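Below is one structure, written out as structure tokens; the observations come after it.
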Protein chains: 2
Amino acid sequence: MLDALAARACCATAQDLADELRGERGRVGIASIYRALELLVRLGLVRRLDMGDGTARFEAAQPGGEHHHHLVCDRCGRVSQFEDPHLEEAIERAAARVDHRIEAHDVVLRGTCPDCTAAT
Amino acid sequence: MLDALAARACCATAQDLADELRGERGRVGIASIYRALELLVRLGLVRRLDMGDGTARFEAAQPGGEHHHHLVCDRCGRVSQFEDPHLEEAIERAAARVDHRIEAHDVVLRGTCPDCTAAT
DNA sequence: GTACTTGCAAATACTTTGCAGGTAT
DNA sequence: ATACCTGCAAAGTATTTGCAAGTAC
């Protein structure tokens with residue numbers, strides 16, 4: 001049940017998840033959402049990420065260490081995703097060069113999405 | 001005056017800035033900090049960034065488009081910075097490949113800092 | 001005086017916590 | 001009955017906004 005909520009498209013806010021679950025089952029407290037998410041994050045099944053809009057977003061962790069990064073539209077705020085093995089590799093190398101023991105990384109690209117560019 | 005507050009080491013929270021300014025001048029409202037920061041961000045002199053701890057951080061933008069990225073310690077929460085031209089280049093290439101018009105990017109590496117590794 | 005900035009306090013998120021009631025074992 | 005999970009409501013943070021007072025021109 002808890003995994004089911006995380007197994008959706010791309011990153012969702014706690015509110016998104018609450019709305020979706022309220023459609024499927026009856027009453028769902030927002031607190032339960034946060035509690036479940038906290039657990040899942042601790043288990044490494046869900047990643048929590050911030051994209052500068054003050055609200056946390058959550059997304060299911062890919063099984064094979066596989067993961068994507070995010071594009072945020074400055075205009076409409078929409079978040080989409082992309083993958084780039086070459087970038088991934090460059091990050092690995094950068095991570096090896098610093099004196100921290102790196103375990104994870106986040107990349108966010110900000111700009112204007114095609115829709116908003118067209119709507120100008 | 002406003003620039004002076006942004007011209008500090010690495011990223012600072014609004015609260016940090018308020019504390020610092022209260023030491024220099026007398027009373028400073030937290031609201032003024034946010035108002036000044038909002039203005040500076042809009043002017044492109046300050047960058048706002050989130051590192052997943054729910055509180056926004058601010059840092060002065062480097063003049064020459066020069067910029068660094070961040071390392072966050074999972075243990076102590078300390079934030080440090082690093083630069084990597086090679087990574088920078090890889091990001092540029094990735095940005096060119098997506099269909100958004102990219103104007104900025106953030107990279108955060110998470111892991112354990114040397115101090116915390118030693119303290120284990 | 002007019003226009004702009006300021007600090008305080010109230011308002012608004014978003015997230016976490018306390019608690020009483022319900023479910024499962 | 002015990003232990004756990006839930007929803008609601010209250011508490012806690014971080015940030016924004018309204019407003020009266022202060023400053024600059």
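Nothing here was measured: the structure is a model prediction, and the numbers come from that model. For the numbers below, each heavy atom of this structure counts, side chains included, while hydrogens, waters and symmetry mates do not.
For D50(A) and dT13(D), the CG to P distance is 18 Å, given to the nearest whole Å. For the pair D53(A) CG and dT12(C) P, the computed distance is 20 Å after rounding to whole Å. Between the CD1 atom of I30(B) and the P atom of dT17(D) there is a distance of 15 Å, rounded to whole Å. As rounded to whole Å, 11 Å separates atom P of dC14(C) from atom CZ of R57(A). Here dA14(D) presents its C1' atom at 17 Å from CE of M51(B), a figure rounded to the nearest Å. Taking atom CD1 of residue I33(A) and atom P of nucleotide dT16(C), one finds them 13 Å apart after rounding to whole Å. E38(A) has its CD atom 15 Å from the C1' atom of dC14(C), to the nearest Å. The interatomic distance linking L40(A) (CG) with dC5(D) (P) rounds to 12 Å, in whole Å.
To the nearest 0.5 Å, atom OG1 of residue T112(B) and atom CZ of residue R101(A) are 5.0 Å apart. Note that CZ of R48(B) is 12.0 Å distant from CG of D106(B), once rounded to the nearest 0.5 Å.
Closest approach to the S32(B) side chain among dT17(C), dG7(C), dT17(D) is made by dG7(C) (side chain taken as heavy atoms from C-beta onward). Comparing atom distances between the Y34(B) side chain and each of dT16(D), dG7(C), dT15(C) picks out dT16(D) as nearest. Each of dC8(C), dT17(C), dG7(D) was ranked by its minimum atom distance to the side chain of R27(A); first place goes to dG7(D). Among the nucleotides dG7(C), dT15(C), dA9(D), the one closest to the side chain of R48(A) is dT15(C).
When the shell of 6.0 Å around CZ of R97(B) is examined, it contains more than 12 heavy atoms from other residues, nucleotides or ligands. Counted within 6.0 Å of CZ on R93(B), heavy atoms from surrounding residues, nucleotides or ligands total more than 12; the atom is thus considered enclosed.
Between A56(B) and R35(B), it is A56(B) whose nearest contact on DNA chain D lies nearer the 5' terminus.
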